[in-house]
Every structure is written in C-alpha cells, then in structure tokens.
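Here the structure comes first, spelled out in structure tokens, and everything after it is commentary.
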Number of protein chains: 2
Amino acid sequence: MARDGKPTRDKILAESKALVLENGFAGTSVDQILERSQITKGAFFYHFKSKADLARTLMDVFSAEDLADLDNALKETAPLIGDPRQRLLKFVQRYVDMMATLEAPYPGCLYGSYSYEPSQFSDEIKQKISDAILTWRSALEEMLDETIKVHGMKIPVDKKSLSDQFVVILEGAFIISKALNEPKLTAEQLKHFKNYLELLFES
Amino acid sequence: MARDGKPTRDKILAESKALVLENGFAGTSVDQILERSQITKGAFFYHFKSKADLARTLMDVFSAEDLADLDNALKETAPLIGDPRQRLLKFVQRYVDMMATLEAPYPGCLYGSYSYEPSQFSDEIKQKISDAILTWRSALEEMLDETIKVHGMKIPVDKKSLSDQFVVILEGAFIISKALNEPKLTAEQLKHFKNYLELLFES
DNA sequence: ATTTTTATACCAACTAGTCTGTTTAATTTT
DNA sequence: AAAATTAAACAGACTAGTTGGTATAAAAAT
C-alpha cells in the first residue's frame with residue numbers, strides 16, 4: 001500500500017482558501033501556498049495538475065459544504081413544517097445565531113471572491129456558483145410558498161427576489177463587516193431580514 | 001506650456017477601473033492597461049508613480065463620485081424634509097429607479113472589489129473605504145432619526161444596523177446580480193428594503 | 001512676428017525579478 | 001512494491017518599473 005495523501009491535500013485546500021480570501025486568486029502565488037502549507041512544489045503539483053485545477057477544486061469543496069449546510073438547516077427546521085412561518089423564521093434565526101458567534105468578521109465567501117475577478121475562472125466554475133445560489137433561491141422560495149399559503153402577505157412583494165434577499169444580505173454583510181471591522185454586523189443584517197419577514201407575515 | 005495630459009489620465013483611470021472589476025487588482029497587469037488604453041508604459045508611469053499609486057487614485061476617484069452622488073440624492077430629496085418618512089422612501093426609490101435602468105449587471109463596486117483582496121491595499125486606502133461607508137451610515141441614520149421622531153416604529157429595531165442595510169443590500173446585490181447575470185436583481189433587492197421601511201413606518 | 005526656450009507629455013526598448021509549471025532523482029511511508 | 005513526498009534545477013512567459021530620448025504647444029525673447 002502507500003501513505004495517505006489526504007492530510008496534505010486538505011492542508012493545501014484550507015491554506016489556499018484563506019490566502020485567496022486575503023489576496024484574491026490571481027494575487028495568490030503557488031509559492032505562497034507552499035510556504036503556508038509547509039510543503040514543496042512537487043507535492044502541490046502531485047495533488048493539483050494546475051493552479052486552475054486548484055481554483056475548481058476550491059469551489060467544488062466550498063459549494064458542497066455550503067449546500068450541505070443549507071441541507072442541515074432545512075432538516076433541523078423540518079419539525080416545524082406544519083407551521084411554515086415559524087419554520088422560515090427559525091431557519092433565518094439559525095444563521096443569525098451562527099453569525100452572532102463570530103469574534104472576527106467572517107473571512108469571506110468564495111462566491112463573492114470569485115465574482116470580483118470573474119475573468120480568472122472558467123465557465124464551469126461560474127456555473128457552479130450560479131447553481132449554488134439558485135439552490136438557495138429554491139429552498140427559500142419553497143418555504144415562502146408554504147408560508148404564503150397559510151398567512152398571505154401584508155403587502156404584495158415579489159417572491160423570487162424575496163428568496164434571493166437572504167443570500168444578498170449575507171454577501172453584502174460579509175463585505176461591509178470586513179470593511180468596517182465589525183464582526184457582529186452580519187448577524188444584525190440578517191436580523192433585519194427576519195424582521196421584514198415577520199412584518200410581511202404577521203399573525 | 002505643453003499638451004494636455006488629462007484625456008490620457010482619464011482614459012487610464014476608466015480602463016483600469018473596468019479591468020480591476022473584471023480581473024481583480026492583482027490580476028490586472030500594467031501591460032493590460034496599456035493595451036486597453038492604447039498608450040505606452042512611459043505614459044502610464046508618467047501619470048502614476050507606481051501600480052499602487054493607481055490603486056489609490058482609483059479609490060479616491062471612485063469614493064469621491066460615490067459620495068457626490070449621495071450628496072445629490074440628499075439634495076434632490078431635501079424638499080421633502082418636512083415629511084421625513086416620504087423623504088427616506090423617495091431616497092431609496094431614487095436608487096431603485098437608477099438600478100432598474102441597467103441592461104447588464106452593474107459592473108461592480110470598488111469597495112467590494114478591494115475588500116476581496118485586502119492584502120493588496122494600504123491602510124490609507126482601506127480607511128478611505130471605511131470612511132465612505134460610514135458616511136452612508138450617517139446619512140441614512142439622520143433620515144431615520146427624523147422619521148422615527150414623527151412616526152415611531154412598528155417594532156423596535158436597531159437604528160445603526162438599519163442604516164447600514166442600504167449599502168449591505170447594494171453590495172450583495174451587485175455580487176448576486178453578476179453571478180446570476182440578472183440585471184434587474186439589484187433594483188428588486190432595494191425595493192425590498194423600501195418595503196421594509198414602509199412596514200416599519202406605517203402611517 | 002519669428003525664433004528660442006521650457007515644461008509637460010509621451011514613446012520604445014530594456015532590466016531585474018517573479019510567475020506557473022516541468023523535470024529528475026532520491027527518499028519516505030505503508 | 002506502490003504511493004506520497006522532498007529537493008533542486010530549470011524553462012519560458014510575464015511582471016513592475018527604469019531609462020534615455022522625442023514630440024508638443026505655449027510662453028519668452030528677439
């Protein structure tokens with residue numbers, strides 16, 4: 001048999017992700033990755049056939065984790081499925097709580113990072129980002145549908161764009177939280193989204 | 001005296017900004033800027049003493065334009081100062097209308113771009129970004145204060161973070177709009193912020 | 001009014017160093 | 001033995017920045 005390459009590969013992925021969020025992808029050199037990961041060039045190119053291959057893998061891993069977390073949030077709130085309004089609010093609250101624990105601004109989202117240097121990435125990668133965002137849209141739209149069925153809406157608003165607002169606020173809050181160095185800002189912003197939903201679906 | 005260098009300088013700034021939003025700052029080479037601007041290296045380094053100098057100038061120009069536009073929006077809505085709720089809503093609607101005219105996703109905001117490769121920029125530049133965002137916060141907070149004095153709030157919410165939400169939604173919407181290639185998304189997202197304010201300050 | 005000067009604006013070629021990626025041979029771990 | 005990794009040299013393209021010189025146009029001097 002042979003030795004296990006997974007720890008090395010995981011270390012490369014973790015350090016690369018952090019570096020990309022600090023420097024941008026184009027601004028991160030392979031040599032920087034080697035230094036942070038404490039590995040050699042041979043090891044890097046053993047695991048990734050190119051820097052572009054790393055970019056793709058980073059996004060694959062990130063989006064898989066992101067969507068797995070969405071899935072968890074849906075499952076955790078599934079018991080409230082009989083009260084869709086409560087379920088929706090609980091879902092949002094889960095992310096409020098998550099962001100409220102941060103002691104430093106969230107280091108950033110690869111969707112946002114990649115979107116600000118789009119020419120560096122292939123269409124395949126951009127498609128993956130788009131797919132992930134649309135998965136969030138669908139998940140929230142379904143919860144909204146159920147809620148509207150039961151409660152109606154205080155004022156008529158566009159359902160699709162309301163679904164998008166969750167991700168929009170997250171992405172925006174990550175940027176502003178970093179720019180102002182205010183770790184709690186993201187949780188506060190999500191709380192406003194929850195407020196908005198509460199006002200829209202008053203009981 | 002001598003010939004006028006302003007057109008050249010302006011061309012460099014315009015093309016650089018576009019390139020930075022496409023490739024990121026680190027991902028944009030001076031040679032690329034030369035090619036797009038149809039100038040030579042000598043001309044570039046005549047106008048900017050380094051690439052870092054360009055980064056600083058780009059942000060100076062961008063934030064100045066951004067804050068000038070904020071100032072315009074405040075002045076345009078100043079006649080409604082006697083009805084602070086209407087003024088606030090009109091202020092937001094102005095940006096809804098502006099974003100609704102876009103036929104392609106907004107190319108991006110330099111605050112967001114710079115925030116996703118923070119190591120590339122000096123503290124001075126980051127301070128400029130922070131100052132600009134805080135200026136937005138103050139402007140909205142003042143309008144909110146006046147509105148609350150007259151109308152109160154339907155539910156108690158944090159005023160400072162509510163002020164921030166305008167910029168948060170803009171930044172987030174720029175990213176998601178680009179990622180999904182949906183030009184109208186930004187206007188729709190701002191509309192939700194307006195809805196939220198209307199629900200908070202029902203008459 | 002014509003020539004000369006001057007500061008600015010700009011160009012083309014060059015330099016020193018960095019970038020990603022390759023190669024090779026030896027070594028370690030299971 | 002097979003897989004994972006080190007170490008180091010190397011190539012070719014690209015990087016930011018420099019240099020020495022030239023073009024332009026207005027002002028100054030004649």
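- A heavy atom lying under 4.0 Å from DNA chain D marks the following residues of residues 37-46 of chain B, by number: B/K41, B/F45.
- Between B/Q120 atom CD and D/dT15 atom P there is a gap of 14 Å when expressed in whole angstrom units.
- At its two ends the helix from C/dA1-D/dT30 to C/dT30-D/dA1 runs along axes set 20° apart, each axis drawn from five pairs and the angle rounded to 10°.
- A/H47 has a side-chain polar atom (N or O) that falls below the 4.0 Å cut-off from OP1 or OP2 of D/dT5.
- Of all the residues in residues 50-60 of chain A, A/S50, A/K51 reach under 4.0 Å from DNA chain C with at least one non-hydrogen atom.
- Taking the ring-ring contact (aromatic ring centres under 6.0 Å, His included) definition, one finds that B/F48 meets it with B/F44, sequence neighbours left out.
- With 3.5 Å as the limit, one finds a donor-acceptor pair spanning the side chains of A/D97 and A/Q93.
- Taking A/K184 as the reference, A/E188 meet the side chain to side chain contact (heavy atoms under 4.5 Å, CB included) condition, with sequence neighbours excluded.
- Taking the ring centroids of A/Y114 and B/Y116, they lie at or beyond the 6.0 Å cut-off.
- Between the side chains of B/D131 and B/Q127, at least one donor N or O sits under 3.5 Å from an acceptor N or O.
- Partners of B/E198 under the salt bridge (charged side-chain N to carboxylate O under 4.0 Å, His left out) rule, at least two apart in sequence or in another chain, do not exist in this structure.
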Could you list the protein-to-nucleotides 11-14 of chain D atom pairs, N/O on both sides, closer than 3.5 Å?
none

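- In terms of the side-chain hydrogen bond (donor to acceptor under 3.5 Å, both in side chains) criterion, A/Y106 has no residue partners (sequence neighbours excluded).
- Atom-to-atom, CZ of B/F25 to C1' of D/dT15 comes out at 13 Å; the value is rounded to the nearest Å.
- For an aromatic pair to be called close, the ring centres must be under 6.0 Å apart, and B/F166 with B/Y95 satisfies this.
- Partners of A/Y111 by ring-ring contact (aromatic ring centres under 6.0 Å, His included), not counting sequence neighbours, listed by chain and number: A/F62.
- Counting only N and O atoms by type, the side chains of A/W136 and A/D66 include a donor and acceptor under 3.5 Å apart.
- Going from atom NZ of B/K6 over to atom C1' of D/dT24 covers 19 Å, rounded to whole Å.
- For B/S122, there are no side-chain hydrogen bond (donor to acceptor under 3.5 Å, both in side chains) partners two or more places apart in sequence or in a different chain.
- Taking A/E103 as the reference, nothing meets the side-chain hydrogen bond (donor to acceptor under 3.5 Å, both in side chains) condition, with sequence neighbours excluded.
- In terms of the side-chain hydrogen bond (donor to acceptor under 3.5 Å, both in side chains) criterion, residue partners of B/R56 (sequence neighbours excluded) are, by chain and number, B/D53.
- In this structure, B/K49 atom NZ and D/dT18 atom C1' are separated by 15 Å, rounded to whole Å.
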